[in-house]
Amino acid sequence: MPLSSAPGKIYLFGEHAVVYGELAVPCAIEKRITVSCSESDDNSISIRAPQIGVDNFDIEFSKPSLKSHLSKVEPHLHYILKAIDFSLDFSQTDLNGLELVVESELPLGAGLGSSAAVSVATVDAVSRTCGLTHSLEQIADMAHKVEETVQGRASKADTFCSTMGGSVSIGGGSCDKLPFSNLPLTIGYDGGFGSTKELVSLVKHNKETYPFVGSIIHSIGDISTLGIAALEAQDLFSIGKLMNINHGLLSSLGVSSHSLDEMVWAAREAGALGAKLTGAGGAGCIVALDPDKSITTHLLSTNSCTSAFSVDVSKQGLIRK
Ligand code: MEV
């Protein structure tokens, strides 16, 4: 039975700006979503994904039935169903049914790349159940199309990073792996959920309403360029400073919140070299550069933070078993 696991990610620099072609640097983390898939003979698609709120989802195994459910289900099931639909379209094989079990270590919609990880792992597990082992580039591409369909607008950043692992640079039409380096990352989570679709639309609206927003977005791209140089030099102080400036610019785009700001300040006051929101924003997670691994208690003492943990950069992206 194919088992595919894909990591979540944080953004060191560049979320939102990457949607407009600017450079961004996401980084895979050792928290994963794992999908196991097998062929069944009962003419149904059955999905069990308890950690993402799907106890038992069963539909008839037919194209019309799958397509008719696509837009009616909650977001994470939507990614899974679209990934199944897309992989089946691609493979053109005759199956009688599918059984999927999804296990997640990632909070949903919290900026840690759960939608990319579930799309990558589902596309890979279903394709291999159909007898097709795609290249990593193909999987990243297919998972990106899943995200784009569900969200309306999506960069290639999250799905490329989840497929390839490590830190990657995305922008100006190219996606590249950066040399691997682990970073001392600590995550703070406010227990909330941000809709990527709505937050990407908010930035688009602000950009169309206020022409100067274009230069804020461009400046975030400049931060990523300097950030890549700092990463290559392993200059943690510069990486931290650039993360702080990046957070300020994301706030000015309207995608931060009181709870994210409170956690960012708590992390900095407790000695983090830098801290920023990660992902779409609105609510969810911040990421801090925390070489002394000393900020979790301080984060947890704020009203906003519901959990805090250190996490390693994941060298591996998609893992197949
Ligand atoms: C969401 O994790 C990252 C955004 O930049 C959207 C995207 O890149 O598609 C906000």
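Start at 1 and go down the list; that is how both ligands and their atoms are numbered.
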| field | Nearest neighbour in protein (non-hydrogen) for atom 6 (C) of ligand 1 | value | V19 CG2, 3.8 Å
| request: Provide the number and element of each atom of ligand 1 under 4.0 Å from a heavy atom of V18. | output: 5 (O), 8 (O)
| task | Give a yes/no verdict on whether any heavy atom in K9 is under 4.0 Å from an atom of ligand 1. | result | yes
| task | Check ligand 1 against A154 and write out every atom of the ligand that is under 4.0 Å from a heavy-atom position of the residue. | result | 9 (O)
| said: Does K31 qualify as a cation-pi partner of F309, given the criterion of NZ or CZ under 6.0 Å from the six-membered ring centre and within 45 degrees of its axis? | reply: yes
| remark: Logged contact type for A157 with ligand 1, heavy-atom cut-off 4.0 Å, is neither
| Heavy atoms only: which of S155, C161, G14 is nearest to atom 8 (O) of ligand 1? | S155
| field | Over 12 non-hydrogen atoms of neighbours within 6.0 angstrom of NZ in K315 | value | no
| said: Distance alone, cut at 3.5 Å: any donor-acceptor contact between the side chains of R32 and S5? | reply: yes
| task | Considering only non-hydrogen protein atoms, determine which one is nearest to atom 2 (O) of ligand 1 and report residue, atom name and distance to 0.1 Å. | result | D158 OD2, 2.7 Å
| query | Hey, does T196 come in under 3.5 Å of ligand 1, counting only N/O atoms on both sides? | reply | no
| request: Could you tell me whether the side chains of S40 and E99 share a donor-acceptor contact shorter than 3.5 Å? | output: no
| field | Shortest protein contact, atom 5 (O) of ligand 1 (heavy atom only) | value | H16 N, 2.9 Å
| said: Does either side chain, that of S257 or that of S259, offer a donor lying less than 3.5 Å from an acceptor on the other one? | reply: yes
| Enumerated ligand 1 atoms positioned under 4.0 Å from heavy atoms of E15 | 5 (O)
| message | Are there over 12 heavy-atom neighbours, none belonging to K82, within less than 6.0 Å of that residue's NZ? | response | yes
| task | Ignoring hydrogens and angles, state whether a donor on the side chain of T93 or S91 is under 3.5 Å from an acceptor on the partner side chain. | result | yes
